[in-house]
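To keep things clear, I will list the structure first and then write my remarks on it.
FYI, side chains are in, hydrogens and waters are out, and symmetry mates aren't considered; it's all heavy atoms of this structure. In this text, all values refer to a predicted model and were calculated from it rather than measured experimentally. Counting convention: from 1, in listed order, for ligands and their atoms alike.
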Amino acid sequence: MDRTQDYIADSLELHLFFARIMKEHAFFLKVGFLPPNTNLAKEGELFLRQFEGLLSRAIALSDRVVRCCVLDSGELFTEFTDRAECQTQRLTGTMIDSGLTARTMRLKGRDCNAELCVSQDLAQQVRRLNRDGLRLVERLITFKERLLCGVNSCSLFTSNYPLFIEHILREARLYRAHLMRLEGLARCSGQELRDSELFWNRIMMEHALFIRGLLDPSEDALINTADDFAADYKRLLDASASANDKTMRNCSALDLTQKFRDFKRTGVEGIEACQIRSLILPLLADHVLREANHYIRLLEA
Ligand SMILES: [Fe+2]
Ligand SMILES: [Fe+2]
């Protein structure tokens with residue numbers, strides 16, 4: 001496969017995952033504000049709609065272009081996504097375009113080794129998509145930085161944890177770093193790209209911390225399990241800071257993340273079926289499950 005083919009497939013696979021993740025971050029921010037911050041809620045909603053637009057353009061270019069292994073990984077949608085969107089829309093009163101999920105689920109993949117028919121037009125459309133995505137994610141990063149400043153100086157209240165804002169800020173910076181790499185732009189050797197495993201282990205640890213903090217205090221068994229996952233990822237992070245044996249690290253990260261993925265899957269199921277008491281929106285439960293699936297695909301590659 002030549003470079004243009006890689007560029008097109010890598011770009012579209014990136015957007016299918018990250019544009020969806022970004023639109024959901026915007027959604028979580030939007031619904032976390034109280035009446036004094038209606039303007040911020042509006043700004044959050046605008047980002048949500050803009051990322052929906054970006055994702056829609058990516059989907060339109062992706063049929064038989066993106067690889068089957070990405071479509072089947074559970075990082076773009078899960079068996080719970082459709083229901084999670086529907087329930088979350090009803091619970092929050094904020095519209096979620098579930099047509100994007102339906103269209104993503106209908107996409108046909110391409111075998112990893114199959115030749116991709118590349119037209120000049122497709123390459124140009126992908127380039128435009130990357131440039132527009134880059135501009136949009138830059139603006140979202142600035143927005144998240146502003147919110148973090150407000151929260152850290154106690155001049156802004158939101159129902160999202162400060163660490164959650166930091167966390168979604170890091171994910172947005174990773175998206176930007178990937179886009180800059182694809183577009184051959186200067187800051188391509190960003191810290192975010194250097195150690196993907198370190199990055200995602202930290203993300204997974206924080207998911208465990210968010211889950212434990214958003215569960216109802218009466219859910220002690222689930223809280224204990226979430227605490228255990230957070231401690232396991234912490235150990236892995238401490239070990240990888242010193243150890244050199246990357247294979248060992250990979251093995252335990254994969255093993256742990258598969259277990260954590262199963263825990264998250266049970267979590268979405270329980271939340272959708274109203275069997276778990278928590279402050280976790282169904283869409284947030286599905287969001288963190290998809291991120292685990294994404295990390296597992298990277299580890300298995
Ligand atoms: Fe996220
Ligand atoms: Fe995350």
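Here the angle at the Fe ion (ligand 1) defined by NE2 in His287 and OE2 in Glu291 stands at 80°, rounded to 10 degrees.
For residue His167, no N/O/S atom approaches the Fe ion (ligand 1) to within less than 2.8 Å. For residue Glu171, an N/O/S atom approaches the Fe ion (ligand 1) to within less than 2.8 Å.
The name of the N, O or S atom in His207 nearest to the Fe ion (ligand 2) is NE2.
Tracing side-chain contacts under 4.5 Å through hydrophobic residues (I, L, V, M, F, W, Y), one never reaches Leu284 starting from Val268; they form parts of separate clusters.
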Criterion side-chain hydrogen bond (donor to acceptor under 3.5 Å, both in side chains) on Thr101 and Thr104, from CA distance to verdict: CA-CA 5 Å; Thr101 304; Thr104 308; 5.9 Å; no
Derivation of the side-chain hydrogen bond (donor to acceptor under 3.5 Å, both in side chains) call for Tyr295 and Ser196: CA-CA 9 Å; Tyr295 183 32; Ser196 143; over 6 Å; no
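Under the 4.5 Å side-chain criterion, counting only non-hydrogen atoms from C-beta, Ile168 is not in contact with Phe28.
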